[in-house]
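Let me begin by presenting the structure, written as structure tokens, before commenting on it.
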Amino acid sequence: MNNFTPRNFIQNIIDEDLRQNKEVKRIHTRFPPEPNGYLHIGHAKSICLNFGLAAEYGGLCNLRYDDTNPSKEDLEYVDSIETDVKWLGFDWEDRKYYASNYFEKMYESAEELIRAGKAYVCDLNAEEIREYRGTLKEPGKESPYRNRTIEENLALFRSMRVGEFADGSRTLRAKIEMASPNLNMRDPVLYRILRATHHRTGDKWCIYPMYDYAHPISDALEGITHSICTLEFEDHRPLYDWVVDNLDLGCKPQQIEFARLNLTNTVMSKRKLRELVEQGYVEGWDDPRMPTISGIRRRGYTPESIRDFCERIGVAKANSEVDISLLEHCIREDLNTKAPRVMAVLRPLKVIIDNYPEGQVEELSAENNPENLEMGSRKLPFTREIYIEQEDFMENPPKKFFRLTPGKEVRLKHAYIIKCERVVKDEKTGEILELHCTYDPQTRSGSEQSGRKVKGTLHWVSAQHALQAEVRLYDYLYTKAEEGQDDNDSNEAEMVLNPHSLARLTTCLVEPGLKEAKQGDRFQFMRQGYFCADLDSTEDKLVFNRIVSLRDSWAKQGKK
RNA sequence: UGGGGCGUAGCCAAGGCGGUAAGGCAACGGACUUUGACUCCGUCAUUCGUAGGUUCGAGUCCUGCCGCCCCAGCCA
């Protein structure tokens with residue numbers, strides 16, 4: 001059994017196509033975003049699918065902007081889309097296209113349809129068209145303008161083009177079937193009159209083609225063989241085929257639909273993402289909490305991990321919601337071998353090692369990545385005063401707490417075993433101010449007699465050498481609402497905005513080597529997670545984003 | 001009796017021609033561990049929405065039923 005790469009239904013279709021069409025051994029796909037927003041991880045699924053299929057079958061994949069509605073689109077988005085696709089690791093080479101480049105050809109094709117008696121100019125306004133369309137259960141009525149002569153239609157359509165009519169006053173419609181059970185076939189609008197400046201064609205046009213008309217033509221002109229889109233276009237496929245069949249475009253692409261990606265603990269719709277940005281719940285489209293590709297990139301995810309994720313989720317037609325833990329698994333797995341280990345104390349607690357010589361500095365050797373020894377080692381300064389993590393000390397520990405507690409020993413990673421001798425507290429508040437410990441000089445890491453075992457190992461930084469840093473801890477943007485006890489109604493677990501999706505820690509201390517950290521550099525902060533130097537990070541003010549925490553079976557214990 | 005889709009474990013998802021339920025994530029045990037990480041090992045669907053039928057044999061074929069999603073933009 002070949003259980004390495006499970007085949008998806010689209011690969012099966014392509015295999016079958018290749019088997020049957022002996023001449024046509026060519027695979028050509030396209031990624032067709034509308035430049036009206038930022039790409040998100042759902043688009044990544046589509047990008048990986050389209051470019052991935054092309055690569056797998058030795059074919060090509062185009063980048064094409066579906067820019068047929070100037071009132072919603074903007075150049076700003078074109079740039080971000082290209083950045084994102086490239087970042088994901090895909091290359092459209094010289095095949096960057098725009099539907100708007102085909103406007104002239106589309107116009108000519110429309111006249112062709114008119115001449116064939118398959119399209120007509122309709123004077124009904126938007127509201128009237130809706131009324132004539134009928135309902136889901138009742139057939140529509142034919143437009144009174146449906147049977148104009150070809151000559152009249154041609155003249156009218158030409159007048160539309162040159163701007164003789166007001167916006168919305170007329171449309172060009174396909175003459176198909178007003179009684180069709182598929183509403184898309186009830187004489188769909190092909191062209192609307194719209195005076196808007198297009199980001200590429202400027203004011204050249206005042207009529208613009210509709211998606212259902214423009215898309216199949218664009219596909220055919222580019223020689224697309226498999227036009228892959230999402231499920232909601234399934235109902236449009238007969239219209240897609242109608243356009244391709246009724247025009248002589250020399251190519252008949254096939255539309256295939258798959259289910260879009262949904263992820264737990266976040267939202268994916270452009271509308272909701274825009275809301276988050278505009279209402280200030282996040283700091284922008286690239287906020288590290290956003291599921292946008294720019295957000296994910298800033299958070300510190302690698303393109304490799306996103307591609308791996310897109311491969312693992314599969315492609316099918318069933319609506320589904322992928323657990324975000326799979327995404328987290330993918331980035332952990334990727335960074336485990338790639339990210340150098342480093343020590344950072346997020347919530348510092350001072351520790352004084354009473355029997356360690358004052359003023360002494362030892363240079364301890366620390367491997368950079370135990371999973372990848374080729375990454376070498378570095379020197380860490382060890383001194384009498386250090387900081388450990390607040391949560392690594394407990395005065396009255398629960399069972400199985402094998403970190404530092406009064407009278408007990410613990411290992412300092414790469415250094416010595418220390419024992420907690422005394423706790424200094426604020427007399428008024430009871431707050432723990434510092435710990436006094438002793439160390440065992442025999443237990444230095446790597447030395448002959450370091451063999452004594454203690455259960456816990458802590459990370460630490462030298463007080464004198466540590467660097468100040470800001471660390472941003474991110475949590476899910478949305479959480480499931482707590483469900484009430486009564487289950488009279490359906491147990492609709494509604495998503496609610498997580499008010500604690502960002503925690504900014506400004507008093508963190510990191511090991512001195514991090515001074516060199518450049519924006520985008522990724523590290524594993526030992527025992528805590530994977531972090532990435534943020535865009536805001538400078539040599540004078542280090543800022544790290546938590547990409548994802550390490551798995552934490554101790555934290556799970558607590559929740560049980 | 002509008003039309004189009006979909007229903008395999010907590011979450012994804014493989015299952016050409018009917019032959020006795022892949023894999024991943026999560027979870028749970030355990031081993032290892034100078035990261036409670038990583039790694040390793042083990043457990044996790046007698047059953048494929050459901051009820052019948054055909055068959056020696058059905059997740060795969062047939063019929064009925066149930067549930068969920070999409071469609072009435074001059075958006076894509």
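Note on naming: letters A, B, ... go to the chains in the order of the sequence lines (proteins, then strands), and numbering restarts at 1 for each one.
Side chain A:Arg527 to base B:U35: no donor-acceptor pair is found below 3.5 Å. Judged by atom type and distance alone, A:Gln524 reaches the base of B:U35 through a side-chain donor-acceptor pair under 3.5 Å. Side-chain to base pairing of A:Arg403 with B:G36: one donor and one acceptor N or O lie within less than 3.5 Å of each other.
Annotation: of the two residues near RNA chain B, A:Asn12 and A:Asp67, the 5′-most nearest-nucleotide partner is A:Asn12. Comparing A:Leu412 and A:Gly314 along RNA chain B, the residue whose closest nucleotide (by nearest heavy atom) sits nearer the 5' end is A:Gly314.
The aromatic rings of A:Tyr240 and A:His215 lie tilted to each other, with the angle between the two planes from 30° to 60°.
The side chain of A:Arg186 contributes no N or O atom lying less than 4.0 Å from OP1 or OP2 of B:G2.
Ring-base stacking between A:Tyr211 and B:A76 is not satisfied when judged by a centre separation under 5.5 Å and a plane angle under 30°.
Here the side chains of A:Val322 and A:Phe309 are in contact, with some heavy-atom distance below 4.5 Å.
If you take atom C1' in B:C41 and the same atom in B:G5, they sit 43 Å apart, rounded to whole Å. Annotation: B:C71 and B:G19 have their C1' atoms spaced 41 Å apart (nearest Å). Comparing the C1' positions of B:A14 and B:G59 gives a spacing of 12 Å, expressed to the nearest Å.
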(message) Under the criterion side chain to side chain donor-acceptor pair (under 3.5 Å), I'd like the reasoning laid out for A:His414 against A:Arg341: C-alpha separation, chi angles, the key distance, then a yes or no.
(response) CA-CA 12 Å; A:His414 301 306; A:Arg341 264 108 252 230; over 6 Å; no

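Taking the syn range as angles within 90° of 0, the glycosidic angle of B:G73 is syn.
Remark: B:C6 base-pairs with B:G67; criterion is Watson-Crick or G-U wobble with both hydrogen-bond distances under 3.5 Å.
Using a cut-off of 4.0 Å between Lys/Arg side-chain N and Asp/Glu carboxylate O, A:Lys338 and A:Glu304 are scored as salt-bridged.
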